[in-house]
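Notes to accompany the following structure.
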Amino acid sequence: MKDHGGPAFPSSHEQYVDGWAGMTLRDYFAAKAMQGMLANPKLHEQILEAGQSWIEESAWAVADAMIEERKND
């Protein structure tokens with residue numbers, strides 16, 4: 001199981017819905033990585049050639065690397 005890095009926006013007053021407190025730090029990092037990749041015109045051709053799965057897999061890989069790097073601090 002992946003280390004999700006805990007909650008992205010921790011608070012002492014979180015509202016839980018069905019036992020879930022919202023976005024994980026991994027989700028947040030992946031969303032930011034994907035946003036950056038999609039905003040980079042130099043990657044548009046690569047994304048089109050490789051398909052949608054490339055961007056998804058790459059965003060999760062970046063998120064996982066960022067969570068691992070945080071453990072070194």
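Taken from CE in M37 to CG in L43, the straight-line distance is 8.0 Å, to the nearest 0.5 Å. Note that CG of L38 and CD1 of I55 are 4.5 Å apart. Values are rounded to the nearest 0.5 Å.
Applying the side-chain contact (heavy atoms from CB on, under 4.5 Å) rule to M66 yields the partners F29, V62; only residues at least two apart in sequence or on another chain are considered.
A donor-acceptor distance shorter than 3.5 angstrom exists from the side chain of D27 to the backbone of T24, with no hydrogens or angles considered.
Residue A63 comes nearest to A30 through the heavy atom pair CB-N, 3.5 Å, listed as atom of the first residue, atom of the second, then distance.
Under a hydrophobic-cluster definition in which Ile, Leu, Val, Met, Phe, Trp and Tyr are linked whenever side-chain heavy atoms come within less than 4.5 Å, directly or via other members, W60 and M34 are assigned to different clusters.
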